[in-house]
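Here's the structure, in structure tokens; my notes come after.
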Amino acid sequence: MEQDDKLHALRHSMSHVMAEAVLEMFPTAQIAVGPSIDNGFYYDFDLPRQLKPEDLDEISARMKEIISFGKPFVKRAVSRREAEELFADQKYKLELLQAIPEDEEVSLYTQGGFTDLCRGPHVESTKDLNPQAFKLLSIAGAYWRGKETNPMLTRIYGTAWKNPKELRLYLKKLEDIEKRDHRRLGKDLDLFSLHEEAGAGLVYWHPKGARIRLAIEDFWRNEHYANGYEMVCSPHVGKSWLWETSGHLDFYKEGMYPSMEMDKAHYYAKPMNCPFHIMIYNNSKHSYRDLPCRWAELGTVYRYEKAGALHGLMRVRGFTQDDAHIICTPDQMEDEILEVLRFSLHMLRSFGFQEIQAYLSTRPVDSVGAQLQWDAAVESLRRAVEHEGLDYEVDDGGGAFYGPKIDLKIKDALGREWQLTTIQFDFNLPQRFKMVFVDRDGKEKQPYMIHRALLGSIERFFGVLVEHYAGAFPPWLAYEQVRIIPVAEPFIEYACKVEQLLKQEGFRVSADLSDDRMNAKIRNAQQEKIPFMLILGEKEEQQKAVSVRWRTGKQENGVPLETFIENTREIIENKAVLS
RNA sequence: GCCCUUGUAGCUCAGUCGGCAGAGCACCACCAUGGUAAGGUGGGGGUCACCGGUUCAAAUCCGGUCGAGGGCUCCA
């Protein structure tokens, strides 16, 4: 904790040093804000000209010089009037000054020739900064105070660390992130593509990507059936009546694809599956004996996302939610929440994610539903996370207007957090669609409704998996599990025999019968990140055996074919990750 | 949507001062090929994103448009 604070002060100080360097270069520049952030810092400027990447070199050089002077950071509390005079020609600082509450102290920090309005804290002197442990990374645009209607400022991002070694490690991590980028691996491994000319943000799954996706979906369906769910399938479009009733046209229209007109009615591509599932529910009367209904669907939805927000598979305009709606009586709510959380964790862990953090979001100011309902729902969510022994944070007032929620975030192989699961109460739709069940007293009552997506969207989840495994999928997910490589032409027949047998046994397998040399075939399979290669020659054919080269480099020669089948099947069934 | 960067072969990229469009990989053909990460030779492949301007001459300089990447913003 103390270490974190130190690093925070160091980075924040670094941003002041950068501002000093920039002001040296552009004395008329307007300075805005320059906080420390994860891994580094930034500062926003209003500059007389555009920055070029080469400018970063000059700014860096000046920063190193400033650091070398060893000037102390001096704090000074001042009156508002004094500060106003000091920043008379710095309009952003004046605006910040006005935003400081009356009863709060106004403080300045000065190092060398640069003084900034700042709450601190800072390191004692620029001597505490290491000129070899920072790097300016990028230039970006950012709105003043993050508001679209405000002027666009120039933001310079930098990273800073205690020592050059930590900087090197961080830069290496950045390289690693780049290597794992799902867009790059998606292209290299021929998994999927996007085609702007055919529609931005819409994903094309190639045969190899589709194999992996279907392996995910098969598992998903089987687990749902095994855990008390039913599958439903619903249309992709619905008439305006549906979206008026759900409220989407009132509250979410700008997030929807525009309407299509047919037979004098307006149809909309679905941004959510819930109204359709409710239509199925409302199709017949339900007794309390029928509940809970747990209905799941891999439902593809379409949402308008701003062009600049689109990003590979992570942010798209058409995606498949692994959606489900649980409709239950108030009595059943507690058990259902416990169960859906347990099931979520089981699913996430099956895909190899062990570190999971929960976020509980409670009632916002503008919201629907009775306070008693909210309280009961929040408490059951809280009890569920505590029952599972999860670490959780509470986001007070962070829930949707229609109900509280739990989100689960996982950490990937590089320690990055991704939100996958969301479990949300809905006090809004049951009312809007007049959902009822007949209770044991013969009276119609309103059921509880819970939305949940475990993996989130299949597209995004797939992107996360690609980056988590760096494209080297565990065998149960790999598009090709086994590649057969005969050492030379005379063994093609045996290779084909083994291929046929493994296919019959249900493995995803192919034999490389091209006229490449064996070395080239191994290299290709290795680059395609196929988990197992079977090298077949005279010895293997005579013994009805295979020599197994693992993707990891492990080698097992002369393994009887049945033994390989047995072992590999176990690896696949256990969802083992090859390390 | 806005700001910055960027756009040359399927992919990764070179192309100097404005002077005939290039390489590696991939693809195709032929030859070679018996043991754990690239065998050899040859070939096909381009409206240099698009539109306009300057010039004897534009991938290259200028203006615009479109796309992509990085940010910002938004996320029922």
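Sequence lines set the chain letters: A, B, ... in the order given, protein chains first and strands last, and positions in each chain run from 1.
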Going by atom types only, do A/Thr320 and A/Glu459 share a side-chain donor-acceptor pair under 3.5 Å? yes
Side-chain donor/acceptor contact of A/Arg551 with base of B/A37 under 3.5 Å: no
With a 4.0 Å limit, can you tell me whether A/Lys187 has a side-chain N or O closer than that to the phosphate oxygens OP1/OP2 of B/G10? no
Residue A/Ile522, side-chain atoms from C-beta onward, closest of B/A37, B/U12, B/A38: B/A37
Considering only distance and modelled atom types, tabulate donor-acceptor pairs under 3.5 Å from the side chains of residues 512-521 of chain A, sequence neighbours left out.
unit_1   : atom_1 : unit_2   : atom_2 : d
A/Asp512 : OD1    : A/Ser514 : N      : 3.1
A/Asp512 : OD1    : A/Ser514 : OG     : 2.8
A/Ser514 : OG     : A/Asp516 : N      : 3.4
A/Lys521 : NZ     : A/Asp512 : O      : 2.9
A/Lys521 : NZ     : A/Ser514 : O      : 3.0

Sort out the partner of B/A23 for me: Watson-Crick or G-U wobble, both distances under 3.5 Å, none otherwise. B/U12
Heavy-atom check, side chain of A/Tyr448 versus side chain of A/Phe427, under 4.5 Å: yes
Assign A/Glu540 to base, sugar-phosphate, or nothing according to its heavy-atom contacts below 4.0 angstrom with the strands shown. base
Taking atom P of B/C3 as reference, at what distance in whole Å does atom CG of A/Leu47 sit? 15 Å
Quick one: sort the A/Phe192 and A/Trp205 rings into parallel, tilted or perpendicular, breaks at 30° and 60°. tilted
Across the strands shown, which category fits A/Asn557 at heavy-atom distances under 4.0 angstrom: base, sugar-phosphate, nothing? base
For B/U6, what is the paired nucleotide under Watson-Crick or G-U wobble rules, both distances under 3.5 Å? B/G67
Between the protein and nucleotides 31-34 of chain B, list the N/O to N/O atom pairs that are separated by less than 3.5 angstrom.
unit_1 : atom_1 : unit_2   : atom_2 : d
B/A32  : N1     : A/Asp515 : O      : 3.2
B/G34  : N1     : A/Glu538 : OE1    : 3.1
B/G34  : N2     : A/Glu538 : OE1    : 2.6

Once you round it to whole Å, what is the distance between C1' of B/A37 and CD of A/Glu528? 13 Å
Between A/Gln30 and A/Lys91, is there a donor-acceptor pair closer than 3.5 Å when you use the side chain of the first and the backbone of the second? yes
I'd like the C1' distance from B/U41 over to B/G35, given in whole Å. 26 Å
Rounded distance in Å between the P positions of B/C75 and B/G7: 34 Å
Using only heavy-atom distances, determine whether the side chains of A/Tyr479 and A/Asp190 contain a donor-acceptor pair under 3.5 Å. no
Regarding A/Glu297 and A/Ser234, do their side chains bring together a donor and an acceptor under 3.5 Å, going by distance alone? yes
Please produce a list of atom pairs where a protein N or O lies less than 3.5 Å from an N or O of nucleotides 71-75 of chain B.
unit_1 : atom_1 : unit_2   : atom_2 : d
B/G71  : O3'    : A/Tyr157 : OH     : 3.0
B/G71  : O2'    : A/Gly141 : O      : 3.2
B/C72  : OP1    : A/Tyr157 : OH     : 3.2
B/C72  : O4'    : A/Gly141 : O      : 3.4
B/C72  : O2'    : A/Tyr143 : N      : 3.3
B/U73  : O2'    : A/Glu148 : OE1    : 3.3
B/C75  : O2     : A/Arg315 : NH2    : 3.0
B/C75  : N3     : A/Arg315 : NH2    : 3.2

How far, in whole Å, is B/A9 from B/A49 if one measures between their C1' atoms? 14 Å
So does A/Gln555 reach the base of B/G35 with its side chain, donor to acceptor, closer than 3.5 Å? no
Indicate the ring-plane relationship of A/Trp241 and A/Phe433, choosing parallel, tilted or perpendicular according to the 30° and 60° boundaries. perpendicular
Hey, does A/Thr154 reach any base, or is it just sugar-phosphate, or nothing, if we go heavy atoms under 4.0 Å? nothing
side-chain N/O A/His195 vs B/G67 OP1/OP2, d < 4.0 Å: no
Does B/A59 pair with anything, Watson-Crick or G-U wobble, both distances under 3.5 Å, and if so, with which nucleotide? none
State the pairing partner of B/C30; accept Watson-Crick or G-U wobble contacts with both distances under 3.5 Å, and report none otherwise. B/G40
How would you label the contact of A/Ala400 with the nucleic acid (heavy atoms, under 4.0 Å): base, sugar-phosphate, or nothing? nothing
Winner on side-chain proximity to A/Ser547, out of B/A38, B/U12, B/U36, is B/U36
Quick check: closest heavy atoms across A/Tyr302 and A/Gly318, and the distance to 0.1 Å? CD2-CA, 3.6 Å
Look through every strand shown and name the nucleotide pairing with B/G46 as Watson-Crick or G-U wobble, where both distances are under 3.5 Å. none
CG of A/Asp366: more than 12 outside heavy atoms within 6.0 angstrom? no
Taking atom C1' in both B/G18 and B/G39, compute the distance separating them and give it to the nearest angstrom. 43 Å
Check the orientation of A/Phe473 and A/Tyr469. Use parallel for under 30°, tilted for 30 to 60°, and perpendicular for over 60°. tilted
Applying the Watson-Crick and G-U wobble criteria at under 3.5 Å, what pairs with B/U54? Answer none if nothing qualifies. none
